[in-house]
Amino acid sequence: MKTIRWGIIGVGDVTEIKSGPAFYKADHSQLVAVMRRSGDKARDYSERHHVPRWYDDGDALIRDSEVDVVYIATPPDTHESYTLKAAAAGKPVYCEKPMARNYAECQRMIEACKQVNVPLWVAYYRRAMPRFVKIKELVDSKSIGDIRAVSIRLYKKADVPPNLPANELPWRVVPKISGGGHFVDLAAHQIDFLNYVLGSVESVAGRATNQEGLYPAEDTVSAAFQYPSGVLGSGVWCFSAGYNLDEIMLVGTQGTLSFATFDVSPVMLTTNQGTQSISLNYPQHVHQPLVETIIAELNGQGKCPSTGETAARTSWFIDEVLKSYSSR
């Protein structure tokens, strides 16, 4: 297998532990260049992670002849532009999630990569993490029979102080940068994983509102949806709740399967034989299992399960739910 050489555009917090080290710890993989608009911060990252080169310009990193694949780890408002530039340079793209601010941007990204025949992958890394691979195996093996319904509940306490000036708001709750609020950032993982397990949602309707008024993005969302098999789903996401709750429950003809998306609480399998608690931790670098599938695909030895096409379906779902929300 050949060694895949990576360049990262946007070495912010997510690349410190979640993703960055995966590129130099995975077999047949090397991180050769990093970029951040602040040259000092890019240089600091490269020194701490022992990366040979750093840039303060994304175009320069894309032009680097030793970069085989470009990982775009910037906020969503620049995902499309960097993807189009990488595609024009003939380089495969691994893009952070959500794939873009909306479905239309996703479609343009897919088309740009398709035109020059380069792969486009998206960092919905739960598709490859052992915890979620096990959950999919439990569903596929019909451990709870045929799936009939799914419910999602994600509640979190408000994390933005009152009366914070607009220019100090976290980018994740500024729609022109992120495409929405915490629903876009967090629910996307849940929607994408369930699409992987149950098939892409074929119809969805939802409502969104902002009840706390701490920022312009939505803070409370509800949705009803249906999968190709006829499985019905419902979800409530509240980011100004009085307590935290993280639960997805799959209801089957022979039991239920419930699990958290963002913490390592045990997966609970309940059947006529009783309830089984299955403990499955996260890997140190959560991107690494998915990154390894990309390396395998580039070497002709497998396929990455998270592509531009699959990720775009998640963005379509989000668009449908938020299309009536005025600040987006």
Is there a salt bridge (charged side-chain N to carboxylate O under 4.0 Å, His left out) between Asp40 and Arg43 once you walk through the steps?
CA-CA 5 Å; Asp40 289 341; Arg43 181 177 59 249; 2.8 Å; yes

Steps toward salt bridge (charged side-chain N to carboxylate O under 4.0 Å, His left out) verdict (Glu66, Arg53):
CA-CA 10 Å; Glu66 294 188 16; Arg53 291 182 301 288; 3.4 Å; yes

How far apart are the C-alpha atoms of His79 and Arg101, what are their side-chain angles, what is the distance that settles it, and do they pass the side-chain contact (heavy atoms from CB on, under 4.5 Å) test?
CA-CA 8 Å; His79 288 184; Arg101 291 176 297 183; over 6 Å; no

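For the pair Cys238/Thr220, a side-chain contact is recorded, criterion being any heavy-atom separation below 4.5 Å from C-beta on.
The pair Asp185-Lys97 meets the salt-bridge criterion, with a side-chain N (NZ, NE, NH1 or NH2) lying under 4.0 Å from an Asp/Glu carboxylate O. One finds no salt bridge joining Arg37 and Asp56 here, because no Lys/Arg side-chain nitrogen approaches an Asp/Glu carboxylate oxygen to under 4.0 Å. A salt bridge is defined here as a Lys NZ or Arg NE, NH1 or NH2 lying under 4.0 Å from an Asp or Glu carboxylate O, and Arg153 with Asp246 fails to meet this definition.
Partners of Glu111 by salt bridge (charged side-chain N to carboxylate O under 4.0 Å, His left out), not counting sequence neighbours: none found. Partners of Glu320 under the salt bridge (charged side-chain N to carboxylate O under 4.0 Å, His left out) rule, at least two apart in sequence or in another chain, are Lys323. Residues satisfying the side-chain contact (heavy atoms from CB on, under 4.5 Å) criterion with Ser326, sequence neighbours excluded, are absent altogether. Partners of Val118 by side-chain contact (heavy atoms from CB on, under 4.5 Å), not counting sequence neighbours, listed by chain and number: Ala87, Cys113, Val116.
Within 6.0 Å of CZ in Arg48 there are more than 12 heavy atoms belonging to other residues, nucleotides or ligands.
Applying the ring pair (Phe, Tyr, Trp, His ring centres under 6.0 Å) test to pairs two or more places apart or on separate chains, none has a residue in residues 157-181.
Here Leu232 is tied to no hydrophobic group at all, with no ILVMFWY side chain closer than 4.5 Å.
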